[in-house]
Protein chains: 2
Amino acid sequence: MIQKNEIERCNCTVIHQDVVDNVRARMPSDENLYDLADLFKVFGDTTRIQILSGLVESEMCVCDIAVLLNMTQSAISHQLKVLKDARLVKGRKEGKIVYYSLDDHHVNNIFKEGFTHINEDKHN
Amino acid sequence: MIQKNEIERCNCTVIHQDVVDNVRARMPSDENLYDLADLFKVFGDTTRIQILSGLVESEMCVCDIAVLLNMTQSAISHQLKVLKDARLVKGRKEGKIVYYSLDDHHVNNIFKEGFTHINEDKHN
DNA sequence: ACAACACATGAACATTCATTCATATGAGTT
DNA sequence: AACTCATATGAATGAATGTTCATGTGTTGT
């Protein structure tokens, strides 16, 4: 009889069961990690990073952003929706024009940490 | 005659040229933003987030991680390569076994910022 | 030398997702 | 009311990417 624990997924024997148990107990919940990955997924696209990076400097309307990045208004609008759903940007309507700005003061901090890591890489 | 600036990409007239110019001057270089997006792309996957989150607690070998996450050794190995290429984890070989650990003390900070944002969302 | 094991890796497949295209909405203008 | 302009959005297309499967590499033990 084989152990019934991971019959299908893992093809290797457990080496350090105690470590695994300990880590599992200390890790954040799956749901939290899921949400975290979803958040970083939003940051993990060049267009969206550029948009966020631009909005750090000033609020802008959709057309401004499209011109800034030399991209279609439609493409920008789609990405703004993603950023809005992730609560990273917000829109302020003024007549026909919608002015977008950062909805989160953490964006800067997250950027900063990211840049720190990248720059540290350059030492090698 | 039409303006020659953005003939193809953007279908809307520039609204705030001054703002756009100003923002463009202050924004980080495209290359830096590219690298930043690439970094966050690595964080933007559930499996990799789980791996990193586990390695925050303790170094582990590939099989340990596979058991921890109930996934194939192959899948874990592939993702470890991605994490290694991004200089987020490093491997220490001891006989047949390779022990992986975090290669970057910023990982914790980035996690923290991410969680802060997620938790702040819950207020709505 | 041979077998067993931990890990790495290339190709194939499936899914996710960013952009494009066409069109809709909604506000201002005449 | 008709028209223009800024923005939003649904469907389709194409590219990027995560997992699986099969196999390769390197180390340990007999």
Side-chain angles (χ1 to χ4, degrees), chain A residues 6 8-16 19-20 34 37-38 40-52 59-86 89-101, chain B residues 6 8-17 19-20 34 37-52 59-86 89-101:
Chain A
E6 54 283 327
E8 318 252 318
R9 315 299 265 118
C10 183
N11 50 358
C12 50
T13 48
V14 187
I15 305 192
H16 310 91
V19 174
V20 171
Y34 234 88
D38 276 346
F40 286 126
K41 214 171 290 181
V42 177
F43 282 91
D45 175 78
T46 309
T47 301
R48 287 191 294 264
I49 281 277
Q50 284 179 311
I51 293 176
L52 289 173
E59 72 168 11
M60 283 182 288
C61 67
V62 181
C63 271
D64 288 344
I65 301 173
V67 172
L68 174 68
L69 305 185
N70 194 34
M71 289 182 66
T72 305
Q73 171 269 321
S74 179
I76 300 297
S77 194
H78 276 294
Q79 298 300 355
L80 281 170
K81 178 167 172 40
V82 175
L83 291 168
K84 208 160 117 190
D85 288 347
V89 308
K90 60 174 182 254
R92 169 177 72 82
K93 199 161 186 179
E94 197 168 289
K96 280 185 295 189
I97 303 176
V98 179
Y99 291 95
Y100 280 92
S101 60
Chain B
E6 54 284 326
E8 317 248 319
R9 316 298 268 121
C10 183
N11 50 357
C12 50
T13 48
V14 187
I15 305 191
H16 310 92
Q17 185 71 56
V19 174
V20 171
Y34 234 86
D38 275 346
L39 175 64
F40 287 126
K41 212 171 291 180
V42 177
F43 282 91
D45 174 78
T46 310
T47 301
R48 287 192 294 264
I49 281 278
Q50 285 178 311
I51 293 176
L52 289 173
E59 73 169 11
M60 282 183 287
C61 67
V62 181
C63 271
D64 288 344
I65 301 174
V67 171
L68 175 69
L69 305 185
N70 194 34
M71 289 182 67
T72 304
Q73 172 269 321
S74 178
I76 299 297
S77 194
H78 277 294
Q79 297 300 357
L80 281 170
K81 178 167 172 42
V82 175
L83 291 168
K84 207 160 117 189
D85 288 348
V89 307
K90 60 173 182 255
R92 167 177 74 82
K93 199 162 185 180
E94 196 168 288
K96 282 184 295 189
I97 303 176
V98 179
Y99 291 96
Y100 280 93
S101 60

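In what follows, chains carry the letters A, B, and so on, assigned in the order in which the sequence lines appear, proteins first and then strands, with residues in each chain numbered from 1.
- For the salt bridge (Lys or Arg N to Asp or Glu O under 4.0 Å) test, residues two or more places apart in sequence or in another chain that qualify with B/Lys90 are B/Asp103.
- A distance of 8.5 Å separates CD1 of B/Ile51 from CE of B/Met60, quoted to the nearest 0.5 Å.
- Remark: A/Thr72 is in phosphate contact with C/dT20, judged by side-chain N or O atoms under 4.0 Å from OP1 or OP2.
- Note on B/Tyr100: only backbone sugar-phosphate atoms sit closer than 4.0 angstrom, heavy atoms only; bases stay farther off.
- Protein atom CG of B/Asp38 is 14 Å distant from nucleotide atom P of C/dA18, rounded to whole Å.
- Whole-Å rounding puts the A/Gln50 CD to C/dT19 P distance at 10 Å.
- Residue A/Lys41 contributes atom NZ, which lies 11 Å from atom C1' of D/dG18 at whole-angstrom precision.
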Atom pairs under 3.5 Å, N or O on each side, protein against nucleotides 9-12 of chain D: can you list them with distances?
from, atom 1, to, atom 2, distance (Å)
D/dT9, O4, A/Ser74, OG, 2.7
D/dG10, O6, A/His78, NE2, 2.9

5' to 3', nucleotides 24-30 of chain D under a 4.0 Å protein heavy-atom cut-off (B base, S sugar-phosphate only, - none) gives --BBS--
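- Counting to the nearest Å, the P atom of D/dT7 and the CD1 atom of A/Ile76 are 11 Å from each other.
- Residues that satisfy the side-chain contact (heavy atoms from CB on, under 4.5 Å) test with B/Val98, not counting sequence neighbours, are B/Lys93, B/Tyr100.
- Partners of A/Gln79 by side chain to side chain donor-acceptor pair (under 3.5 Å), not counting sequence neighbours, listed by chain and number: A/Arg48.
- For the pair B/Ile51 CD1 and D/dT19 P, the interatomic distance rounds to 9 Å; values are reported in whole Å.
- Rounded to an integer number of Å, the gap from CG of A/Leu80 to P of D/dA6 is 16 Å.
- The closest side-chain heavy-atom distance from B/Cys61 to B/Asp64 is below 4.5 Å.
- Ring pair B/Phe40/A/Phe40 is parallel by interplanar angle, where below 30° counts as parallel and above 60° as perpendicular.
- Of all nucleotides listed (C/dC7, D/dT7, D/dT19), D/dT7 comes nearest to the side chain of A/Val62.
- Spacing between atom CZ of B/Phe40 and atom P of D/dA16 amounts to 22 Å, rounded to whole angstrom units.
- Looking at every heavy atom in both residues, A/Val62 comes nearest to A/Ser77 through CG1-N, 4.5 Å.
- Nearest heavy-atom pair across A/Val42 and A/Leu83 is CG1-CD2, 3.6 Å.
- A/Ile97 places its CD1 atom 15 Å from the C1' atom of D/dA8, with the value rounded to the nearest Å.
- In this structure, the side chain to side chain donor-acceptor pair (under 3.5 Å) partners of A/Lys81, at least two apart in sequence or on a different chain, are A/Asp85.
- As judged by a 4.0 angstrom heavy-atom cut-off over every strand, A/Lys84 is placed among residues making no nucleic acid contact.
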